[in-house]
Protein chains: 2
Amino acid sequence: MSENKQDTEEQIFEAASRVFQRKGYAGARMQEIADEADINKSMLHYYYRSKDKLFQKVYQREVSRFFPVIFKVLGSERPLDEKLEHLIDTYYAFLDENPRIAQFIIHEMSQHPERFRKFIREKGIQPPERFSRQISEEIDRGRMKKVDPRQLLISIVGLILFPFVARTMVELLFDLDEEQFLDFLNERKAFLVDFILNGINYKGHE
Amino acid sequence: MSENKQDTEEQIFEAASRVFQRKGYAGARMQEIADEADINKSMLHYYYRSKDKLFQKVYQREVSRFFPVIFKVLGSERPLDEKLEHLIDTYYAFLDENPRIAQFIIHEMSQHPERFRKFIREKGIQPPERFSRQISEEIDRGRMKKVDPRQLLISIVGLILFPFVARTMVELLFDLDEEQFLDFLNERKAFLVDFILNGINYKGHE
DNA sequence: ATAAAATTCAACTGTTTGGTTGAAACAAAA
DNA sequence: TTTTGTTTCAACCAAACAGTTGAATTTTAT
């Protein structure tokens, strides 16, 4: 009962998380998860009753990890340029550790929009109002162009996520090996801060 | 033999294309394809010998449609601002007709990178050199900021594709129905031209 | 008219896969 | 010690699924 139980249960969960993120729900096999966890397949059903239940727990956890990372930073009190830099650093660090999470969520989200809707409602996940307010303020004070905060939010998130989501495409089109791809990502951080702040004509607050 | 043959074969192909794009390879069912094509399942194997062969033909066609749309425009002779506007118009029109193609390609590409590599080599698909040259020229003439053309290319493509790839996310986070989402996309066209040209500090050529 | 190809359909096969079972070994708590 | 929970394993079952077959019907070419 004691520690072995938690260990095994967690071991299964983490293995399932990796396999589901690699293959998606339809492509994942219970046997592959068992192999990845280095346990017998019976244990999967012993702890989680079905593939679907196991998947939902994994999915729910990943969704709850994915969005707060963005929204917490965007909802903070910092000035826009600092906030952007902080977001890019934080999100890149997170995505380096979880390189498949974005693609996983995007794919499963579009397979089962109702489930996604349910989860974000339950968890109360939503873009921070403070971000929109901040954008409006900056516009009013003449510190940046007039833009729709939603367009800006989607652009920022898209610019950050896209290389992770379309990694294979980037690697093959530019003929990059893994190391060169990581260099590309690192260079991208500075590029993005500059590109986005210029894009909205941000003037800071001297 | 004549026209019925081609009709049915094409009917199967188009149905398969839709189902594979909706569900992905692993999630697609041969029966669902047959139903969608409104023919008997036997016909699938009569024309295409296996699920895998049918999929590969669909995949190959979609890949050959997807990339040239971007690369042809980017490789044209126009000035940068016109080119960008033209790209956004062209690509949005294409994506309106094929709303799932980006996600489909991205997902299957990362499931089988070798296959993707093989296809783009055979088809000779690669980002147009003329685009890189043009960027270098514009930088040399002081018409824009110094940027890595690759970073710019990925940014442009990412900004365009992301709302399609993550459509469910956009709709649910901003609470948009289908019509409102289409409005969002339409507003995005003007936003993007402006955002990108500002992002690289483009000064035109008066 | 005749032959050849296209199409339909139901029924079938073989494989993959999710899920179950039961017995045996082990560990830990009571 | 007794009891309860954990773990392993091989074998198994039932459902889903890809793929096949063969006979009957229709369409098209010659």
Side-chain angles (χ1 to χ4, degrees), chain A residues 1-62 100 104 107-108 111-112 114-115, chain B residues 1-62 104 107-108 110-112 114-115:
Chain A
M1 19 184 103
S2 61
E3 80 178 343
N4 276 346
K5 170 172 180 175
Q6 289 174 11
D7 277 4
T8 306
E9 195 169 346
E10 203 181 302
Q11 206 175 335
I12 293 174
F13 191 82
E14 295 305 329
S17 175
R18 288 193 297 275
V19 173
F20 280 134
Q21 287 191 56
R22 272 206 306 268
K23 301 291 184 69
Y25 177 81
R29 299 288 164 250
M30 293 298 267
Q31 187 59 57
E32 188 179 351
I33 294 174
D35 292 347
E36 177 106 10
D38 204 36
I39 51 110
N40 193 275
K41 198 181 63 161
S42 312
M43 282 290 95
L44 298 186
H45 298 93
Y46 183 76
Y47 284 111
Y48 306 89
R49 300 160 32 119
S50 68
K51 183 185 182 183
D52 194 73
K53 287 200 169 62
L54 177 54
F55 174 79
Q56 293 221 34
K57 292 205 171 175
V58 167
Y59 179 67
Q60 195 156 12
R61 186 189 70 171
E62 299 308 328
R100 295 180 182 269
F104 170 69
H107 186 252
E108 299 302 336
Q111 291 299 306
H112 300 283
E114 345 69 45
R115 178 154 61 195
Chain B
M1 26 173 105
S2 61
E3 82 178 340
N4 275 343
K5 170 171 179 176
Q6 289 174 12
D7 277 5
T8 306
E9 195 169 345
E10 203 182 302
Q11 207 175 335
I12 293 173
F13 191 81
E14 296 305 328
S17 175
R18 289 193 297 275
V19 173
F20 280 134
Q21 287 189 55
R22 272 205 307 268
K23 301 292 184 72
Y25 178 82
R29 300 288 165 250
M30 292 298 268
Q31 187 59 57
E32 188 180 351
I33 294 173
D35 292 347
E36 177 105 11
D38 203 35
I39 52 110
N40 193 275
K41 199 181 62 164
S42 313
M43 283 291 96
L44 298 185
H45 298 91
Y46 183 75
Y47 286 111
Y48 306 89
R49 300 163 30 121
S50 68
K51 183 185 184 183
D52 195 74
K53 286 198 170 63
L54 177 53
F55 174 80
Q56 294 221 31
K57 292 204 172 177
V58 167
Y59 179 68
Q60 195 156 11
R61 186 190 69 171
E62 299 308 328
F104 169 70
H107 186 251
E108 298 302 336
S110 85
Q111 291 300 306
H112 299 285
E114 345 69 46
R115 180 155 59 194

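Side-chain atoms are counted along with the backbone in the values below, which use heavy atoms only and exclude waters and symmetry mates. Below, chain A is the first sequence line, B the second, and so on; all start at residue 1. Since we're looking at a predicted model, the values are computed, not measured.
- The nearest whole Å value for the distance from the NE2 atom in B:H45 to the C1' atom in C:dC9 is 15 Å.
- Along DNA chain C, the nucleotide closest to B:Y46 and the one closest to A:R49 are compared, and the more 5′ of them pairs with B:Y46.
- Rounded to an integer number of Å, the gap from CG of A:D52 to C1' of D:dA15 is 16 Å.
- Under a 3.5 Å cut-off, the side chain of B:Q21 and the backbone N or O of B:F104 do not form any donor-acceptor pair.
- Within 4.0 Å (heavy atoms only), B:L44 reaches no atom of the nucleic acid at all.
- Listed nucleotides: C:dG19, D:dC9, C:dT8. Nearest to the side chain of A:N40: D:dC9.
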Start with the C-alpha gap between A:E32 and A:R18, add the side-chain angles, then the distance that decides, and say whether salt bridge (charged side-chain N to carboxylate O under 4.0 Å, His left out) holds. CA-CA 10 Å; A:E32 188 179 351; A:R18 288 193 297 275; over 6 Å; no
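- No hydrogens or angles were tested; on distance alone, a donor-acceptor pair under 3.5 Å links the side chain of B:S42 to the base of C:dA10.
- Taking atom OH of A:Y48 as the reference point, atom P of C:dT20 lies 16 Å away to the nearest angstrom.
- No contact: B:A34 has no heavy atom under 4.0 Å from any strand.
- Remark: A:K51 is positioned above the aromatic ring of A:Y25, its terminal NZ or CZ atom under 6.0 angstrom from the ring centre and at most 45 degrees off the axis.
- Residue A:A28 is in sugar-phosphate contact alone, with no base atom involved, counting any heavy-atom pair closer than 4.0 Å across all strands shown.
- Applying the 3.5 Å distance criterion, the base of D:dG19 shares no donor-acceptor pair with the side chain of B:K51.
- Rounded to a whole Å, the CE atom of A:M43 is 6 Å from the P atom of D:dT7.
- Atom pair A:K41:NZ and D:dT8:C1' shows a separation of 14 Å (rounding to whole Å applied).
- One atom, CG of A:D35, and another, P of C:dT16, lie 15 Å apart when rounded to the nearest Å.
- Rounded to a whole Å, the OH atom of B:Y47 is 6 Å from the C1' atom of C:dA6.
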